[in-house]
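Just so it is clear, the model here is predicted, and its values are computed rather than measured. Within every chain, numbering begins at 1; the chains are lettered A, B, ... in the order of the sequence lines, protein sequences first and strands thereafter.
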2 protein chains.
Amino acid sequence: MSPIQGTRTGGRSARVQQAVHDAVRDLQRERSRSELSVPLVAQRAGVTPSTVYRRWGTLQELLADVARERMRPDDPPDDTGALDTDLKAWARQYLEEISSSPGREYVRDLVASEGEENSEQCNRYCQVKIRAILDRAAERGEPHPDADTVTDRVTAPIVFRVFFAPGDPTPEWAEELIDQVLADL
Amino acid sequence: MSPIQGTRTGGRSARVQQAVHDAVRDLQRERSRSELSVPLVAQRAGVTPSTVYRRWGTLQELLADVARERMRPDDPPDDTGALDTDLKAWARQYLEEISSSPGREYVRDLVASEGEENSEQCNRYCQVKIRAILDRAAERGEPHPDADTVTDRVTAPIVFRVFFAPGDPTPEWAEELIDQVLADL
DNA sequence: GGGTTAAAGCAAAGTCTTTGCGTTAGCGCG
DNA sequence: CGCGCTAACGCAAAGACTTTGCTTTAACCC
């Protein structure tokens, strides 16, 4: 797969992107969202603001880009030997991740960004993990729901409650969601 | 309930708020989000930008304020005579509302705003409608789920799919969600 | 190596945001 | 009813951010 004709992906461009992303992550750790600005990020990254504006357009798009990177699944989900416990382990971990203060910020940045690409990518990453778990269950011969069902009955309620309901959902509540899905098989 | 000591709620303040809200709604109809700005809104409303900045802080907060107003439930949900059809009618209407282009913008504005107040209010409005439907079912003596269950199994999947999944959910899919909840009673 | 050109730097112009201070008008009291 | 009080508005200047045209740099490809 060759890069698109006429766009440069390596060398200086790659270094600038890396430096800017690093600068954003650094600054997110030490300052609040409302204190961030393109000139501030650019200074930390050692580039000029116009470079950032030309590549990302706005601060919001840049933050969404960084957030998307952060959401990318790194490792395959833990294999605990059974569908029930695999899903519960994943659900607990996912809840913890997005209900944390930085996690909420990332999702917020994704939703706030212009296109729908970024939000959809976030869901795609989730489904990659869910499918890995379901595939293992299939190999073991366990009965299992499909990925869309898990999305509707587990991922969706978790995300919804974190963002729209007062108070923080507990890990126990997340596990109950799994019990209910599996009970309906 | 008296207004907070030292804040003015009527007279000129109320007129300014109304004018600014109206200006935002007007402009949202004729221009895209990225073309909106505080000075533009202020000009349309016939006030100075500094007034808007002092009252709302940022464009984002102002948009969230307007969006929250828009989400406020106006009428009680239709009474079709049975829980099943009441919930389905509500779900179809809700899906249509938030999957519309302006509807998505409103929710986006709410989530993007600083505090969690605005997003939580949005859910509270939903629950008001759901509870009204469930209360009617209780009066009729119909078995019915509780409001949190409906939130997790209907509202959450609808919102999640609109924002995080590619393609638009269909009204038929929303009705299936209702069938599934009621089947589990 | 050397030409080509995407992407970065620079700087000026334009727009948005903040802030201090004077003015207006709603509210409550006598 | 009129008067004082003061929250909220208007204005304008200062400051910060954003855009843009042009120049320079350095990957990429021959």
Can you tell me the distance, in whole Å, between the [atom1] atom of [X] and the [atom2] atom of [N]?
X        : N       : atom1 : atom2 : answer
Leu36(A) : dA16(D) : CG    : P     : 17 Å
Glu35(A) : dT18(C) : CD    : C1'   : 16 Å
Trp56(B) : dC9(D)  : CH2   : P     : 8 Å
Gln17(A) : dA6(C)  : CD    : C1'   : 15 Å
Leu62(A) : dC17(D) : CG    : C1'   : 15 Å
Leu59(B) : dC17(D) : CG    : C1'   : 15 Å
Arg12(A) : dA6(C)  : CZ    : C1'   : 9 Å

Polar contact flag, side-chain donor to acceptor under 3.5 angstrom, Gln127(B)-Arg124(B) =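 Side-chain D/A pair, Gln127(B) to Arg124(B): absent.
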Check whether the side chains of Thr149(A) and Asp146(A) place a donor and an acceptor atom closer than 3.5 Å, and report yes or no.
->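 Looking only at side-chain atoms, Asp146(A) and Thr149(A) do form a donor-acceptor pair, the distance falling under 3.5 Å.
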OP1 or OP2 of [N] sitting under 4.0 Å from any side-chain N/O of [X]?
X        : N       : value
Thr51(A) : dG9(C)  : yes
Arg15(B) : dA25(C) : no
Arg55(A) : dA6(C)  : no
Ser37(B) : dC16(C) : yes

Result of checking Arg92(B), Arg131(B), Lys129(B), Arg140(B) against Asp86(B) for salt bridge (charged side-chain N to carboxylate O under 4.0 Å, His left out) |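 So the option named by the test is Arg140(B).
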Just checking Thr58(B): base, sugar-phosphate only, or nothing, at a heavy-atom cut-off of under 4.0 Å?
->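 Nothing, no heavy atom under 4.0 Å.
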Sugar-phosphate only, base, or nothing, as touched by Arg54(A) at under 4.0 Å among non-hydrogen atoms |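 Contact class for Arg54(A): base.
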Partners passing ring pair (Phe, Tyr, Trp, His ring centres under 6.0 Å) against Phe164(A) (at least two apart in sequence or in another chain) |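 Expected list: Phe160(A).
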What heavy-atom pair brings Leu83(A) and Pro143(A) nearest, and what distance separates the two atoms?
->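 Leu83(A) and Pro143(A) have their closest heavy atoms at CD2-O, 3.5 Å.
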Nearest-neighbour nucleotide for the Ser50(A) side chain, dA27(D), dT20(D), dG10(D) considered |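 Nearest listed nucleotide: dT20(D).
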